[in-house]
Amino acid sequence: INIQMSTGTGDASIGDARTTVFRRNLAQSYQLRSKTARAVFSDITARFPTLPFSLRQLRSARDLLGVKECVTRNLLVPYDPRFEKRGEFVVRARTRKTDCPNADGGVTSFSNTCHSPA
């Protein structure tokens, strides 16, 4: 479930801020060329199999080069920050639910808040 709310008109667009949150694209497979990209992708697969992760959670600054190749090959899905006009807030909430008879249904939850630069 993806929900996006805004205090403005609701026409949030992708800004020029750097994307820092990514998720693995489980439907895509590709044989990566660089050694760094293969190492980063295997680390992401082991540590964050289906959940979103931040670039801060990667182990070294060199891993950013591998992330770029993974995004280029559609192995990682970026969660781009959304902006509206100055002074308006945009909130995006993402959650994954299941329909199980013996469980409450909540599996994951992720939300981030961003706004136009002041």
Side-chain angles (χ1 to χ4, degrees):
I1 299 172
N2 297 327
I3 299 171
Q4 179 173 314
M5 295 183 295
S6 171
T7 58
T9 61
D11 298 331
S13 61
I14 298 173
D16 58 350
R18 188 178 86 170
T19 302
T20 59
V21 179
F22 296 88
R23 174 182 54 85
R24 239 185 91 210
N25 185 359
L26 298 174
Q28 186 74 22
S29 64
Y30 186 83
Q31 191 65 27
L32 295 167
R33 294 182 183 145
S34 72
K35 184 177 179 181
T36 304
R38 288 193 303 268
V40 168
F41 189 68
S42 65
D43 184 38
I44 290 169
T45 302
R47 292 175 55 205
F48 317 104
T50 57
L51 302 177
F53 64 94
S54 173
L55 290 179
R56 288 188 220 167
Q57 294 172 302
L58 297 179
R59 300 190 192 283
S60 69
R62 196 179 82 194
D63 292 345
L64 297 178
L65 298 172
V67 168
K68 183 176 180 186
E69 184 177 350
C70 291
V71 170
T72 303
R73 305 296 180 209
N74 294 326
L75 294 174
L76 297 178
V77 177
Y79 286 155
D80 296 319
R82 302 289 175 153
F83 294 94
E84 261 207 37
K85 59 185 174 182
R86 188 175 303 267
E88 301 295 337
F89 290 92
V90 178
V91 176
R92 292 169 68 187
R94 296 187 169 153
T95 185
R96 185 173 293 173
K97 298 288 184 179
T98 60
D99 189 19
C100 298
N102 297 333
D104 63 353
V107 176
T108 65
S109 179
F110 170 76
S111 67
N112 60 354
T113 305
C114 57
H115 60 86
S116 299

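All values below come from the heavy atoms of this structure, side chains included, with hydrogens, waters and symmetry mates left out.
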Between [X] and [Y], which heavy-atom pair has the shortest distance, and what is it?
{"X": "Glu69", "Y": "Ala37", "value": "OE1-CB, 3.3 Å"}
{"X": "Thr19", "Y": "Val21", "value": "CG2-O, 3.6 Å"}
{"X": "Gly66", "Y": "Val40", "value": "CA-CG2, 4.3 Å"}
{"X": "Tyr30", "Y": "Leu75", "value": "N-CD2, 3.8 Å"}

Working to the nearest 0.5 angstrom, can you tell me the gap between [X] [atom1] and [Y] [atom2]?
{"X": "Leu51", "Y": "Ile44", "atom1": "CG", "atom2": "CD1", "result": "13.0 Å"}
{"X": "Arg23", "Y": "Phe48", "atom1": "CZ", "atom2": "CZ", "result": "14.5 Å"}
{"X": "Leu65", "Y": "Ser60", "atom1": "CG", "atom2": "OG", "result": "9.0 Å"}

Short side-chain to backbone donor-acceptor contact, Asn25 and Val77, under 3.5 Å: no
Check: [Y] and [X] side chains under 4.5 Å, non-hydrogen atoms:
{"X": "Leu32", "Y": "Cys70", "result": "yes"}
{"X": "Phe22", "Y": "Leu55", "result": "yes"}
{"X": "Arg73", "Y": "Gln28", "result": "no"}
{"X": "Pro52", "Y": "Tyr79", "result": "yes"}

task: Check the pair Phe41, Arg24 against side-chain contact (heavy atoms from CB on, under 4.5 Å), reporting the backbone distance first and the verdict last.
output: CA-CA 9 Å; Phe41 189 68; Arg24 239 185 91 210; 3.8 Å; yes
task: State whether Asp43 and Arg47 are salt-bridged, where the test is any N-O pair (Lys NZ or Arg NE/NH1/NH2 against Asp/Glu carboxylate O) under 4.0 Å.
output: yes
